[in-house]
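Notes for the one structure printed next.
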Amino acid sequence: MHDWDITFEQAKQIQQELRDKVREAPLPGPVRLVAGADASFSKGSDDMFAAIVVLDAKTLEVVDVGRAECRALFPYVPGYLSFREAPALLQAWEELDVEPDLLVCDAQGRAHPRKFGLACHMGVLLDIPTIGSAKNLLCGEHRDPAPDKGSYRSIYDREGEVIGSVLRTRAEVNPVYVSVGHKITLPAARRQIMRFSPKYRIPEPIRHAHNEVNRMRRAALE
DNA sequence: GCGACAG
DNA sequence: ATCTTGTCGC
């Protein structure tokens with residue numbers, strides 16, 4: 001595990017070194033427990049609230065929650081989100097009593113300038129399957145998917161390589177940007193995201209994690 | 001130099 | 001990401 005109190009240049013080097021460890025391969029086994037990760041901050045503060053919420057993949061009921069609160073050591077800079085949020089997310093992961101089969105991150109995976117978004121970073125460090133499911137695009141180009149639930153289009157980088165999918169998790173609403181984090185294929189990632197988005201645009205694991213971190217932050221205001 | 005830019 | 005009330009619509 002590398003340090004987190006680093007410089008901008010060191011962060012870039014770490015991404016370039018770890019990117020080759022990312023494995024885009026079939027899931028090692030069935031997903032029975034799926035986790036969602038998210039972090040929250042107050043307006044001008046670096047006090048960070050992070051949580052990992054674990055759901056039963058079949059019933060989508062919460063079975064465990066890992067929490068962490070600490071000070072972000074890195075600023076938010078597009079392309080370097082993991083250096084701001086991963087420390088707290090990893091700490092929250094350590095608080096879990098169960099072992100999730102998959103982790104869905106509210107960020108990019110391979111759909112990143114250096115093919116190493118937060119989802120990849122978490123996957124490689126924890127050595128588990130991860131998926132990046134973001135609400136906005138960081139980089140790449142794509143055509144808009146049909147308005148139907150489940151429709152999708154590929155996201156391409158400058159070289160024409162597919163780096164992710166724009167997926168319509170709900171009809172008539174904005175899509176989400178899905179990409180491989182680690183130890184999963186893009187088609188499987190899309191399938192899992194659809195499976196965990198039965199009603200809302202945002203996948204259940206992330207939705208729960210988002211609600212949790214906001215509860216934590218509001219409670220901390222006392 | 002200009003525009004883009006996860007959370 | 002966060003700041004913020006009501007409001008339009010299924």
Side-chain angles (χ1 to χ4, degrees), chain A residues 4 8 11-12 14-15 18-19 22 36-53 68-92 103-125 130-142 147-149 155-158 163-167 169-182 186 189 193 198-203 205-221:
Chain A
W4 293 105
F8 224 81
K12 190 170 187 175
I14 288 173
Q15 293 182 321
L18 297 181
R19 56 179 292 175
V22 172
D38 195 24
S40 176
F41 303 79
S42 285
K43 51 178 180 181
S45 175
D46 278 332
D47 289 322
M48 172 168 49
F49 297 87
I52 301 288
V53 177
E69 179 181 344
C70 63
R71 175 91 59 184
L73 301 176
F74 211 84
Y76 167 66
V77 179
Y80 298 87
L81 179 64
S82 59
F83 297 94
R84 180 174 177 73
E85 302 188 347
L89 295 177
L90 291 170
Q91 193 177 311
L103 174 64
V104 182
C105 301
D106 184 27
Q108 308 293 344
R110 295 197 56 193
H112 176 277
R114 287 170 291 289
K115 307 290 176 66
F116 198 71
L118 173 63
C120 297
H121 211 141
M122 291 295 288
V124 169
L125 294 185
T130 61
I131 297 174
S133 177
K135 298 179 294 299
N136 292 289
L137 187 67
L138 171 60
C139 66
E141 302 182 341
H142 68 82
D148 314 89
K149 177 182 179 71
I155 300 174
Y156 304 86
D157 65 9
R158 294 183 187 181
I163 57 177
S165 301
V166 198
L167 178 64
T169 51
R170 182 174 178 175
E172 308 297 328
V173 303
N174 291 326
V176 294
Y177 302 83
V178 180
S179 57
V180 170
H182 191 47
L186 184 55
I193 291 300
K199 184 171 183 176
Y200 304 105
R201 175 205 180 202
I202 304 301
I206 293 179
R207 236 167 52 75
H208 282 282
H210 191 271
N211 290 332
E212 180 56 38
V213 293
N214 282 324
R215 280 195 291 271
M216 290 170 66
R217 185 167 61 75
R218 275 148 26 191
L221 293 179

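Quick note: numbers below take in every heavy atom, side chains included, and nothing from hydrogens, waters or symmetry partners. Every chain is numbered from 1 and lettered A, B, ... according to where its sequence line falls, protein lines coming before strand lines.
Here the C1' atom of nucleotide C/dA1 and the CG atom of A/Asn211 are 15 Å apart, to the nearest Å. Going from atom CG of A/Leu118 over to atom P of B/dA6 covers 13 Å, rounded to whole Å. Summarising the geometry, the separation between CD on A/Glu141 and C1' on B/dG3 is reported as 13 Å, rounded to the nearest angstrom. As rounded to whole Å, 15 Å separates atom P of B/dA6 from atom NE2 of A/His210. Between A/Phe41 atom CZ and B/dG7 atom C1' there is a gap of 8 Å when expressed in whole angstrom units. In this structure, CZ of A/Arg71 is placed 16 Å from C1' of C/dA1, rounded to the nearest angstrom. Residue A/Phe83 contributes atom CZ, which lies 15 Å from atom C1' of B/dG7 at whole-angstrom precision. In this entry the distance linking CG of A/Asn174 with P of B/dA6 reads 15 Å, nearest Å.
Among the protein residues, A/Gly79 comes within range of the nucleic acid bases, having at least one heavy atom under 4.0 Å from a base atom. Residue-level contact check: A/Ala107 touches the bases, meaning some heavy atom is under 4.0 Å from a base atom. Using a 4.0 Å heavy-atom criterion, one finds that A/Leu137 contacts the sugar-phosphate atoms exclusively. Residue contacts shown for A/Tyr80 include a base, since a base heavy atom lies under 4.0 Å away.
Open room surrounds NZ on A/Lys12; 12 or fewer heavy atoms of other groups in view lie less than 6.0 Å from it.
Within the 4.0 Å cut-off from OP1 or OP2 of C/dT4, not a single side-chain nitrogen or oxygen of A/Lys43 is found. At C/dT2, one or more side-chain N or O atoms of A/Asn214 fall inside 4.0 Å of OP1 or OP2 (strictly under the cut-off). Applying the 4.0 Å criterion to OP1 and OP2 of C/dC3, one finds that A/Arg217 has a side-chain N or O inside that range. In this structure, A/Asn136 reaches the B/dG7 phosphate: one of its side-chain N or O atoms is under 4.0 Å from OP1 or OP2. Look at A/Tyr76 and you'll find a side-chain N or O under 4.0 angstrom from OP1 or OP2 of B/dA6. OP1 and OP2 of B/dA6 both lie 4.0 Å or more from every side-chain N or O belonging to A/Lys135. Look at A/Ser45 and you won't find any side-chain N or O under 4.0 angstrom from OP1 or OP2 of C/dT2.
Below 30°, between 30° and 60°, or above 60°: for A/Tyr80 and A/Phe8 the angle between ring planes is between 30° and 60°, a tilted geometry.
With contacts defined as side-chain heavy-atom distances shorter than 4.5 Å, the pair A/Asp47/A/Ser42 does not qualify. When side chains are defined from C-beta on, A/Glu85 counts as touching A/Phe41, because their heavy atoms get closer than 4.5 Å.
Counted by atom type alone, A/Thr169 and A/Arg201 present zero donor-acceptor pairs between their side chains at under 3.5 Å.
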